[in-house]
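Report on the following structure.
When a ligand or atom number is given, it counts from 1 through the structure's own listing order.
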Amino acid sequence: MTTFNRRHFIRNLTLGSLAGLVGIHVQARAITPKEMEGPYYPITPQKDKDADLTQVAGKKGKAKGTIIDIFGQVFDDQGNTIEDVTIDLWQANSFGKYHHPHDNSDAPIDAHFQAWAIIQTKAKGHFRFKTVFPGAYPLNAAQQRTPHIHLKISKRGYHSLLTQMYFPDHPLNQKDGLFRRKTPEEQALMTAKTTEITNQYRYDIVLAKVV
Ligand SMILES: [Fe+2]
């Protein structure tokens, strides 16, 4: 756990204990851990940044790969939901290739994959997007990045969060240098959960308030 998260965890614990004593229900939540931005934040302008990444406006055809549905809510560290949060997300296509001029891998570009979305949370902090399962990609001759989705989450009054979302039980997770650097608790907070529906994941995000 990072110092930042530990501090919030302890503060939440204290607030939770106090609330318990006076009979107030407080559902304290641990802040979603941070992760580095990586080299492929989109730099090529694109008009279509909606919540369906499996097709590109104006183009016939669908993105290749396994279509997945990801939904969740954004909370503060006291468990209150947050509306109108901006979630800026980007990921590799199903072949593990970014739509970025600096991605020199031999993996194919998928012209029908939107690759980048900017969405807002709705009432009660709900958000949802449809995408394809991101491919793993090579970091160097010895290492691969496990499948992940990059996110920048922001809202006035809260600390902006730069993170990466992982997929549960993926065999490459425990070989991924960034993932392995996190504690098991942090890994759990950064990993989406399966649902009863195939290819659907729940991923909740917790932001820290600016105090
Ligand atoms: Fe990445």
Side-chain angles (χ1 to χ4, degrees), residues 2 31-46 48-54 56 63-72 74 85-119 127-154 160-183 186-194 199 201-207:
T2 62
I31 309 290
T32 304
K34 296 173 182 177
E35 189 47 274
M36 64 170 69
E37 180 171 314
Y40 301 127
Y41 182 76
I43 55 172
T44 308
Q46 69 179 53
D48 186 3
K49 294 199 265 302
D50 72 3
D52 182 359
L53 288 85
T54 66
V56 175
K64 293 189 175 66
T66 303
I67 292 178
I68 57 175
D69 173 33
I70 300 176
F71 71 96
V74 179
V85 174
T86 301
I87 304 178
D88 182 338
L89 65 107
W90 69 105
Q91 64 166 86
N93 68 22
S94 62
F95 307 109
K97 175 90 170 175
Y98 281 90
H99 290 199
H100 194 288
H102 299 160
D103 183 345
N104 297 320
S105 85
D106 293 332
I109 287 174
D110 181 348
H112 298 294
F113 179 51
Q114 189 182 292
W116 181 20
I118 300 180
I119 60 175
F127 68 90
R128 171 167 241 135
F129 60 98
K130 183 171 150 188
T131 186
V132 296
F133 199 96
Y137 58 88
L139 256 193
N140 50 46
Q143 275 195 73
Q144 271 189 306
R145 279 306 324 273
T146 194
H148 59 277
I149 296 177
H150 295 264
L151 306 108
K152 281 186 191 183
I153 302 135
S154 55
S160 293
L161 174 70
L162 186 57
T163 190
Q164 298 184 20
M165 188 206 92
Y166 296 98
F167 292 88
D169 303 320
H170 195 281
L172 287 174
N173 284 351
Q174 292 305 331
K175 295 180 181 165
D176 184 283
L178 290 181
F179 188 82
R180 286 177 54 172
R181 218 178 280 170
K182 301 290 183 194
T183 65
E186 289 172 326
Q187 290 174 352
L189 293 168
M190 299 173 83
T191 302
K193 293 178 172 60
T194 51
N199 296 323
Y201 297 90
R202 180 174 181 111
Y203 172 68
D204 289 331
I205 298 164
V206 183
L207 298 180

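- Put simply, the side chain of W116 does not reach to within 4.5 Å of the side chain of Y98, judged on heavy atoms.
- Using a cut-off of 2.8 Å, one finds that Y137 contributes an N/O/S atom close to the Fe ion (ligand 1).
- At a threshold of 4.5 Å between non-hydrogen side-chain atoms, the residues I118 and T86 count as touching.
- Within the 2.8 Å limit, Y98 places at least one N, O or S atom next to the Fe ion (ligand 1).
- Around the Fe ion (ligand 1), the two atoms NE2 of H150 and NE2 of H148 are separated by an angle of 90°, to 10 degrees.
- Taking the six-membered ring for Trp and the full ring otherwise, the centers of H102 and Y41 sit at least 6.0 Å from each other.
- With contacts defined as side-chain heavy-atom distances shorter than 4.5 Å, the pair L162/K34 does not qualify.
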